[in-house]
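A short write-up of the structure that comes next.
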Amino acid sequence: MGVVRHQDRYLQISRVLYRHGLGYFVHALGLERWVRAERVVARSRPDEPHTVAVHVRLVLEELGPTAVKLGQILSTRPDLLSPAFQRELEKLQDRASAVPVETVRAAVREELGADPETVFARFDPVPLASASIGQAHAATLDDGTEVVVKVRRPGVVEEVEADLEILRALAARASQRWSAAADYDVVGLTGDFADTLRAELDYLQEGQNAERFARNFRGDPDIHVPRVHWDTTTSRVITLERLRGTKISDLQALDEAGVDRSALAARATRLMADMVFEHGFFHADPHPGNFLIEPGGRIGLLDYGMVGEVDERTRRHLAALMAAFERRDPARIAAAFADIGITKQRVDRVRLTADAGYLLSRYEGLPLGKVRIGDIVRDVLEILRRHHLALPRNLALVVKMIVMTEGLGSTLDPDFQIGSVLSPYARRLVLGHVDPVAIARRLRQAGLDAATLGVELPGQLGRLLDVLDRDGVSVSVRTDELDPLVARVERIGNRLVVALVTAAGIEALAVLASSDPQRLKPHETKVAAVGAVAVGSLTAYLGWTARGRRRRR
């Protein structure tokens, strides 16, 4: 039913791909039925000196807003695309023809209950900018505050949802026909893309993102997050404080204003590092157009539609990878790559370890502060692509954000070294990963997970046997064959108990080790005592079992 409903769009996609010499994708996406290749290829222009990457960009531009957004988001995934494709997709500009002011007035009237000239003291009918999702207008509140009013384009939600339905169908077909699509789980990537795009369509979400950044940086004199005016904000209209300043890419204007560009590069990097390593919530699109430098040197940050989060899993992945690089251990680096990467292929650990060893040899003897992070990231991503390993979305955004921040810093100051700013953050992250309390917490969770599995596994096996029995399969087991299994289960149970006791003991002792004994509260003293008893009991138990094994021999 969906295919029939979207047949015109399928036909358009097929024709555009063929016209740009990308017929392979027509076959990979299962679109052959929609167009006859020979009728379209004749209209292509083979004399054009474009690369494949350029043709891909032109296809996305021709297919409209959803495709442009897809390209922009893909440009933030260096783990999936080679540098040539990244550079080309970064050129995609989210521009669109202006929406007539009467249409804007109608949208504001529908959302806010009155014409914009009534809601605001002044409303400029000429837009500041017009993009595929929304259009921005300058306005002034009754108290004289300058604001920017963004209005979502009419019909864009319906258009995007239709394209997302088509994209899901194409991703499913590609996974069946194209091995690379299956390896990189394009169906899952499509779901991530859909979530990102829907969030950008909802201005309430953008407002909440801005407020979260404002809370995280409350009291920080180096950053200015625009205030959200909620009384004139809905899912279709958002009113934000208007920031004024010099574009961070306008080096001549910065010099004329007396801005220390080297200090500005360090300050901007520190803000980005705080987002990732301290707050766990970061701006995922830090291109120069989103930075304004105010007269006093404060950084005004714009556009909160695309954000990323560093959850506990992402933090653990980052810490494990940094710790492996710190130890210069190829096997650990390969293990971290394999643990982080998403793939449906079997990972060749021997080759991956060899690639990690070669990577280390390229940067042997160079301190972090003297190495361009972008160079290391480029080499790491090349290894990941070679082994068909994709990064989780948030980790990919972290990588892209760090690379973009280094590029911004190098533009401001050619001698800027992002490693010198990031080193303390990385060190704290790794130390936090090996902190006794953190280890105890992970051990306790592992013990609980194992205990849960031990409880659930017999029931699951029982249900499996019931199914086999209903299907007429008989199973015969002699009791003497069960003895080794029973003994093994008993040993597993003992180890689970040991794991739980060890976790509790380590956590309790960590409290004692990290505190002044004179200042311990009564309940903390009890916890430490319990930990000591637990570890002591565990030591005695291990000694007793060891003696028992020697006597049995």
Side-chain angles (χ1 to χ4, degrees), residues 94 99 104-105 107-124 127-154 156-157 195-245 247-248 268 271-272 274-275 278-287 289-294 296 298-309 401:
D94 190 11
V99 176
V104 172
R105 285 197 182 99
V108 172
R109 189 163 52 244
E110 185 176 337
E111 291 296 307
L112 304 181
D115 287 335
E117 290 83 0
T118 302
V119 175
F120 303 98
R122 186 185 68 82
F123 183 85
D124 190 345
L128 290 171
S130 187
S132 59
I133 288 178
Q135 184 162 291
H137 290 259
T140 305
L141 301 181
D142 289 335
D143 63 0
T145 301
E146 290 187 314
V147 295
V148 174
V149 182
K150 288 203 298 186
V151 182
R152 195 172 67 202
R153 300 175 77 92
V156 68
V157 172
D195 292 341
T196 301
L197 189 50
R198 288 193 182 104
E200 289 197 53
L201 289 169
D202 184 359
Y203 287 153
L204 289 175
Q205 182 64 56
E206 181 174 345
Q208 290 163 5
N209 292 340
E211 289 215 327
R212 184 170 173 182
F213 280 109
R215 289 194 301 271
N216 289 343
F217 285 103
R218 183 180 290 117
D220 192 321
D222 290 335
I223 186 170
H224 186 182
V225 178
R227 178 188 169 194
V228 183
H229 294 271
W230 288 107
D231 53 342
T232 50
T233 293
T234 69
S235 63
R236 291 178 62 195
V237 176
I238 185 170
T239 304
L240 296 162
E241 173 189 4
R242 185 175 186 181
L243 305 187
R244 290 187 179 275
K247 288 185 178 181
I248 200 169
L271 292 175
M272 295 294 114
D274 280 346
M275 292 180 191
E278 302 296 334
H279 306 153
F281 183 69
F282 60 94
H283 194 294
D285 192 21
H287 66 74
N290 284 333
F291 290 85
L292 288 178
I293 309 306
E294 298 179 341
R298 185 170 58 170
I299 297 173
L301 191 58
L302 307 175
D303 194 355
Y304 298 89
M306 188 184 294
V307 297
E309 293 199 53
M401 191 270 281

What salt bridge (Lys or Arg N to Asp or Glu O under 4.0 Å) pairs are there with at least one residue in residues 127-148, not counting sequence neighbours?
Glu146-Arg244
Pairwise salt bridge (Lys or Arg N to Asp or Glu O under 4.0 Å) hits with a residue in residues 299-309, at least two apart
Arg212-Glu309
Sequence-distant partners of [X], side chain to side chain contact (heavy atoms under 4.5 Å, CB included), two or more places apart:
| X | result |
| --- | --- |
| Ala284 | Phe282, Met306, Leu397 |
| Val119 | Leu112, Ala114, Thr232 |
| Ala139 | Phe120, Phe123, Val147, Val149 |

Which residues share a salt bridge (Lys or Arg N to Asp or Glu O under 4.0 Å) with [X], sequence neighbours left out:
| X | answer |
| --- | --- |
| Glu294 | Arg298 |
| Glu111 | Arg236 |
| Arg215 | none |
| Arg105 | Glu102, Glu117 |

Roughly how far, to the nearest 0.5 Å, is the [atom2] atom of [Y] from the [atom1] atom of [X]?
| X | Y | atom1 | atom2 | answer |
| --- | --- | --- | --- | --- |
| Leu243 | Leu302 | CG | CG | 5.5 Å |
| Asp274 | Asn216 | CG | CG | 9.5 Å |
| Asp285 | Met401 | CG | CE | 11.5 Å |
| Leu301 | Met272 | CG | CE | 5.5 Å |

Step by step, would you call Arg153 with Ile133 a side-chain contact (heavy atoms from CB on, under 4.5 Å)?
CA-CA 6 Å; Arg153 300 175 77 92; Ile133 288 178; 5.8 Å; no
Go through the steps for Arg242 and Thr140 under the test side chain to side chain donor-acceptor pair (under 3.5 Å), then give the verdict.
CA-CA 9 Å; Arg242 185 175 186 181; Thr140 305; over 6 Å; no
Sequence neighbours excluded, which residues qualify as side-chain hydrogen bond (donor to acceptor under 3.5 Å, both in side chains) partners of Arg227?
none
Mind checking side-chain hydrogen bond (donor to acceptor under 3.5 Å, both in side chains) for Glu206 and listing every partner two or more places apart, or none if nothing turns up?
Lys150
Show me the pairs that pass ring pair (Phe, Tyr, Trp, His ring centres under 6.0 Å) and involve residues 208-233, at least two apart or across chains.
Phe213-Phe281, Phe213-Tyr304, Phe217-His279
Closer than 3.5 angstrom, by distance alone: can the side chain of Arg152 be matched with the main-chain N or O of Leu201 as a donor-acceptor pair?
yes
Checking Thr233 side chain against Thr239 main chain: does a donor-acceptor pair fall under 3.5 Å?
yes
